[in-house]
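All remarks here apply to the structure that follows.
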Amino acid sequence: MNAGSALNQSESNWAKNVIKEDEIIRYMTNGKDFISDDKIWGEIANNKNPEYQKVKDILQKSLAIETLSPDETAVLLNVHDEELWNEMFEVAGEVKRRVYDNRIVTFAPLYFGNLCVNDCLYCAFRKDNGREVRKRLVLDQVREEAKAMISMGHKRLMLDCGEHPSTDADYIADVLRTIYETRSGRGEIRRININIASMSIEKLKMLNAVGIGTYQVFQETYHHKTYRDVHPNSEGPKSNYGWRLYSLHRAMDAGIDDVGIGVLFGLYDWRFEVMGLLCHALNLEEQFGVGPHTISIPRLQPAEGTPFINSTGYRVSDEDFKKLVTIIRLSVPYTGLILTARESAQLRREVIPLGITQIDAGTRIGIGAYSERYDEQEAKRQQFLLGDSRSLDEAIRELAETGYITSFCTAGYRCGRTGKLIMELLKSGQEGRFCKLNAVLTFREWLDDFATEQTKKAGESIIRKELDEIRQRMPSVYPKLTEYYRRVEDGERDLYF
Ligand code: SAM
Ligand code: SF4
């Protein structure tokens, strides 16, 4: 594969020191990683034409909130019967309700730099894309972005950037501190998740000390050859499959036990990738006793100056996308499932009921796009083109009108409910108890501080239902909740269980 243009001297020196070989090898078994391409295809092939009862038994296991085995997931991947598929869609929704009830968490990404030493063929930030206007926000600009996001009502951010010496861990730590310190009106950002390059344990420890929510790294594709083909630049650290694959193992060893995995669907066969995600979840469970907190399912989108999408043979249709969401939900029932604004509003409407727990909304992905006026240059500063550009208020209103409560709860990691503890609470259905209460309180806050009248009306009708349910199902905490609820109505903020 063409290695593209060379990095400049200082970028090249920096890139050479990113990968610590021993922080790959230590997680392997006999020098092998946990993805065997042949074994995955073998499992898919061996489970063709599954019996009806076998599928039904597997669905029961999902409903009991147990992680499926690769063989069981392969069975589901081989279902062709339409009626069975309808049942699988239903059960996936039910699994989500059992673990997460009717809650949806919202967040918005903040892109603060698009310089990158890698050349991922699908991404507009790739170093060889001469059409991309490069920019890194200085801390004052980060503050302006955070203020603009806070005044839109955001409480949870996802930080994103390219991999570059100018946005290395120490700079990311400064960005985190800057955002946590920023206030605007009645708002603040209470949780920052990060979706950034693979890092060493030492750097991750430093970020963990500043305070992060979830650390996400997407493998993009689990298929070894495809991975090599789409990450051709040998100088860029991302071209190393193993370094990428064990990013979250290193995070666990750095003390970050809240991690998110993902695949960029459209690079390779989606059925293989679903198996890869499951193997990743199982390996984390096996090595650390805790699986991923979230799974992300970005689907390849057109990107400025990036023709790759026209040549991949693996673009995923809307129908297959719904199927893959369903199978992931059934295979790893406890995990959060993130559907981003890469997808259109219409598709999101159809996919959310299949088990989605988090969406971004009011999203802008241009560098500096929340605080600066949007202009035609914008496309040249972003990573891909967005499918859903509705405001946060509009998205929340629609969720409320269709029976979902938007949760702005950020209590989990601030109360130490992360990692193993949260997994156990989720699997046993107990986390739902805290979440339900906190969802009501944070949604009340948000409706009072940021909602339009129309959204407030839709939101209040959901809150009434929730309060009623809590009164009946959790009578012991109801008095305390109503006390907190009144205090929030009177203007107190950030009360949580
Ligand atoms: N540079 C970091 C990295 O590579 O991990 C951060 C990644 S980027 C901000 C987040 C994700 O966007 C990538 O991991 C990839 O899955 C996704 N992405 C890149 N190009 C895309 C495209 N054209 N369409 C949809 N998603 C894309
Ligand atoms: Fe850089 Fe990440 Fe884009 Fe790859 S996906 S080019 S590493 S920003």
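Just follow the structure's listing: the first ligand is 1, and inside any ligand the first atom is 1. Note that these values count all heavy atoms, side chains included, but never hydrogens, waters or copies made by symmetry.
Aromatic ring pairs are classed by plane angle as parallel below 30°, tilted from 30° to 60° and perpendicular above 60°; the pair Y111 and F384 is perpendicular.
Residue contact annotation: R299 has a non-hydrogen atom under 4.0 Å from ligand 1. Ligand 1 lies nowhere less than 4.0 angstrom from a heavy atom belonging to F125. Distances from ligand 1 to the non-hydrogen atoms of R126 include no value under 4.0 Å. Ligand 1 lies out of reach of V217, whose nearest heavy atom is not under 4.0 Å from it.
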Which is it for Y314 and W270 under the ring-ring contact (aromatic ring centres under 6.0 Å, His included) test, yes or no, and what are the steps along the way? CA-CA 8 Å; Y314 295 104; W270 66 268; over 10 Å; no

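Looking only at heavy atoms of the protein, atom 8 (S) of ligand 1 is closest to Q383 NE2, 2.9 Å. Remark: minimum distance from atom 10 (C) of ligand 1 to any protein heavy atom is reached at N195 ND2, 3.5 Å. Distance from atom 26 (N) of ligand 1 to its nearest protein heavy atom, with residue and atom name: R342 NE, 2.9 Å. From the protein, the heavy atom lying nearest to atom 5 (S) of ligand 2 is K238 NZ, 3.3 Å.
Both cation-pi conditions hold for R299 and F321: the charged atom is under 6.0 angstrom from the six-membered ring centre and inside a 45 degree cone around its axis. Annotation: cation-pi pair R136/Y171 present, NZ/CZ under 6.0 Å from the ring centroid and within 45° of its normal.
Under a 4.0 Å criterion applied to the non-hydrogen atoms of Y111, ligand 1 contributes the atoms 9 (C). For ligand 1, the atoms closer than 4.0 angstrom to any heavy atom of C161 are 1 (N), 2 (C), 6 (C). Annotation for ligand 1: atoms under 4.0 Å from non-hydrogen atoms of D160 are 9 (C).
Counting only distance, with no hydrogens or angles, the side chain of Y180 and the backbone of G211 share a donor-acceptor pair below 3.5 Å. Remark: side-chain polar atoms of R143 are not paired, donor with acceptor, to backbone N or O of T178 under 3.5 angstrom.
Checked against the 6.0 Å centroid threshold, H223 and Y241 do not count as a close aromatic pair.
Side-chain contact annotation: T67 with E285, donor-acceptor N/O pair under 3.5 Å present. Side-chain N/O atoms of S5 and D128 include a donor and acceptor closer than 3.5 Å.
Applying the ring pair (Phe, Tyr, Trp, His ring centres under 6.0 Å) test between H280 and each of F218, F34, Y246 identifies F34 as the sole match.
Neither the backbone nor the side chain of M158 comes within contact range of ligand 1; no heavy atom lies under 4.0 Å.
Taking 2.8 Å as the limit, the number of protein N, O or S atoms around atom 3 (Fe) of ligand 2 is 1.
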